[in-house]
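Below: one structure, written as structure tokens.
In listed order, ligands and their atoms are each counted from 1. Please read all numbers here as calculations on a predicted model, not as lab measurements.
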Amino acid sequence: MNRELPTISEIIEMIKNGTASPDGVCRSFLSRAENDALGAFITLTADAALDAASAVGERLSRGENLPLAGVPVAVKDNICTAGVRCTCASKMLENFIPTYSATAWERLRAAGAVLVGKTNLDEFAMGSSGETSFFGAVKNPYGPARVAGGSSSGSAAAVAAGYAAAALGSDTGGSSRLPASFCGLVALKPTYGTVSRFGLVSFAPSLEQICPMTLTVCDAELIYRVIAGRDPKDMTSTDPGPAGGRRTADMKIALWSPPGVTDDVRGALRAAADMLASSGASVTEIDSFFDPAEAAAVYMAISSAEASSTLSRYDGIRFGFSAGSPEKTRGDGFGKGVIDRLLTGAYVLTEDGGSRYRRALSRRAALTAAAEEMTSRYDVILMPVACSAAHRPGEGMGPAEDGYSDVANLSGMPSLAVPVKQNGDGLPVGVGLLAGRFREADLFAAGRAIERARGRFPRPVGEVV
Ligand code: GLN
């Protein structure tokens with residue numbers, strides 16, 4: 001089977017020069033998505049996708065200019081798309097059909113993108129492995145005995161397996177970058193506020209952003225430029241930073257390869273550093289930055305506290321599942337992982353637990369200051385996304401599992417995950433790039449330099465795709 005998947009830029013080009021039609025592109029992605037063997041989708045919207053693709057074809061023939069004409073996109077099932085159920089992979093919202101769309105999806109749709117379906121995730125985006133979904137776990141296209149990473153597990157699996165050309169994920173503490181890293185993809189966690197959160201089902205609003213997940217850096221930038229920008233429906237939203245980045249030859253890059261990561265990750269960091277150096281960047285190794293276990297603990301206290309407030313709306317009266325009393329509704333409607341977070345969150349907001357929350361807020365400020373200091377000295381920090389390549393179901397990665405990616409969410413800084421190599425088992429290993437707020441352009445420039453030196457990342461092989 002031919003595993004070369006077209007990038008968004010290639011799809012746009014093929015449609016522009018007439019070698020493909022939106023309808024043909026849509027059918028080709030659907031032919032794979034309809035045989036989803038990975039559990040990537042919760043809801044496939046095949047018929048609506050074909051109608052949308054034909055409508056895009058008609059708009060093009062009327063001479064309309066659509067920057068993403070006919071690009072098939074999958075959307076994480078915690079991002080609302082009007083008229084299609086949005087479950088958050090929870091029994092609580094199993095039958096919830098939103099009447100409005102998230103601004104990020106609305107902007108993609110207006111640009112000509114076609115919705116293929118809604119993707120699986122850890123319940124309410126809480127998790128790092130894609131195993132806590134009410135609808136079942138997601139498998140990794142590079143090895144079905146491995147997890148796809150989470151929480152945007154289905155979005156990652158869908159793009160890596162060619163079910164969609166791009167996906168939207170969300171990232172509260174690494175949830176787009178970690179599965180991207182496990183599935184050989186690029187993901188951007190944008191500067192806080194540059195992508196509207198309107199229509200993203202809230203988990204921890206001070207941390208999260210909607211993210212592009214794509215095959216290439218160029219594709220991530222194409223999606224980002226369409227979805228970014230102030231939205232009157234989200235008062236925390238703001239315009240993005242400038243598009244033109246520095247040349248890598250003018251960049252100072254810090255390499256942080258901490259002791260707590262596997263040899264796979266260390267090897268990927270070293271390889272990426274060499275690639276950046278060969279493009280002219282000056283790369284300096286640093287030995288300390290922050291403690292990932294502490295970042296993970298701070299993240300957990302703050303995100304759980306926010307979740308105990310944002311998820312209080314699921315009481316069986318206003319949305320979705322109801323089991324009679326609010327207590328029984330919540331006990332039966334949420335999975336164990338979500339309930340544990342809500343209890344933690346409620347506790348840290350009590351008088352007894354409050355010192356933990358206050359300490360987390362002050363450590364958040366200290367971590368942010370450390371990240372600001374580091375990004376004032378270097379244009380880009382090259383660092384781990386996860387501690388390892390994709391693990392087996394049930395294994396987890398230990399207390400610091402998201403610690404490396406959490407710092408971008410705690411500080412509001414942008415961070416890009418880029419795949420670098422495959423390990424001995426053929427599993428992808430990615431690296432993370434961190435820059436100061438509104439410096440996405442530098443991340444894209446550094447990411448493209450890695451891609452140029454690396455060449456096309458190999459697509460998965462095997463029966464699943
Ligand atoms: N793994 C983290 C958690 O479980 C991050 C989740 C996310 O980014 N949505 O909370």
Side-chain angles (χ1 to χ4, degrees), residues 75-79 88-90 102 119-133 137-138 147-156 167-183 187-190 192 195 197 200-213 292-311 334-345 348 360 364 384-388 390-391 395-417 432:
V75 174
K76 185 175 180 177
D77 210 21
N78 63 348
I79 299 170
C88 290
S90 181
T119 56
N120 209 345
L121 63 150
D122 283 297
E123 187 177 358
F124 278 100
M126 297 175 188
S128 310
S129 65
E131 293 172 284
T132 70
S133 166
V138 179
V147 302
S151 64
S152 308
S153 41
S155 287
L168 292 181
S170 68
D171 193 308
T172 311
S175 272
S176 289
R177 289 163 289 154
L178 191 137
S181 185
F182 281 8
C183 294
L188 171 75
K189 198 293 284 180
Y192 185 79
V195 176
R197 284 181 299 106
L200 167 67
V201 178
S202 274
F203 157 18
S206 82
L207 299 162
E208 59 212 3
Q209 284 284 280
I210 291 177
C211 309
M213 301 172 72
E294 185 196 34
V298 169
Y299 163 83
M300 195 52 85
I302 293 175
S303 64
S304 303
E306 292 186 21
S308 78
S309 161
T310 56
L311 271 65
F334 290 134
K336 181 175 178 315
V338 173
I339 290 176
D340 286 351
R341 302 273 184 122
L342 298 178
L343 291 174
T344 306
V348 301
R364 178 181 190 171
V385 175
C387 325
S388 66
H391 54 81
E395 281 181 354
M397 285 180 292
E401 65 180 1
D402 297 319
Y404 297 106
S405 29
D406 289 336
V407 75
N409 307 78
L410 291 165
S411 65
M413 290 180 179
S415 170
L416 188 73

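For the residue pair Glu123/Thr132, the side-chain donor-acceptor check at 3.5 Å is not satisfied. In the model, Ser170 has a side-chain atom that pairs as donor or acceptor with a side-chain atom of Lys76 under 3.5 Å.
Counting only heavy atoms from C-beta outward, the side chains of Phe203 and Glu306 never approach each other to under 4.5 Å. A 4.5 Å side-chain heavy-atom check between Val147 and Ser153 finds every atom pair outside the cut-off. Taking 4.5 Å as the limit, some side-chain heavy atom of Pro190 sits within range of a side-chain heavy atom of Cys211. Contact of the Glu208 side chain with the Asn78 side chain is not registered, since no non-hydrogen atoms from C-beta on lie closer than 4.5 Å. Side-chain contact between Ser405 and Lys189 is absent, with no heavy atoms from C-beta onward closer than 4.5 Å.
Heavy atoms of Thr172 found under 4.0 angstrom from ligand 1 belong to the backbone as well as the side chain. By the criterion of a heavy-atom distance under 4.0 Å, the side chain of Ser151, and not its backbone, is placed next to ligand 1.
For ligand 1, the atoms lying closer than 4.0 Å to a non-hydrogen atom of Met126 are 4 (O). Annotation for ligand 1: atoms under 4.0 Å from non-hydrogen atoms of Gly173 are 5 (C), 7 (C), 8 (O). Set against the non-hydrogen atoms of Gly127, the atoms of ligand 1 under 4.0 Å away are 1 (N), 2 (C), 3 (C), 4 (O), 6 (C). Of all atoms in ligand 1, listed by their number and element, those nearer than 4.0 Å to a heavy atom of Phe203 are 9 (N), 10 (O). Less than 4.0 angstrom separates some heavy atom of Ala125 from each of these atoms of ligand 1: 6 (C), 7 (C), 9 (N).
For the pair Ser303 and ligand 1, no heavy-atom separation below 4.0 Å is found. Heavy atoms of Gly174 approach ligand 1 to within less than 4.0 angstrom. Look at Arg341 and you'll find a heavy atom under 4.0 Å from some atom of ligand 1.
Taking atom 2 (C) of ligand 1 as the reference point, the nearest protein heavy-atom neighbour is Asp402 OD2, 3.0 Å. The nearest protein atom to atom 5 (C) of ligand 1, hydrogens excluded, is given as Tyr299 OH, 3.2 Å; this is a heavy-atom distance. Looking at atom 7 (C) of ligand 1, its nearest protein heavy atom turns out to be Ser175 OG, 2.4 Å.
Inclusion of Ser170 in the set of residues having an N or O under 3.5 Å from an N or O of ligand 1 is not warranted.
Considering Val407, Asn409, Val298, Asp406 in turn, Val298 is the only one that fulfils the side-chain contact (heavy atoms from CB on, under 4.5 Å) rule with Arg364.
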Test side chain to side chain contact (heavy atoms under 4.5 Å, CB included) on Asp77 and Thr119; report intermediate values, then the result. CA-CA 5 Å; Asp77 210 21; Thr119 56; 5.6 Å; no
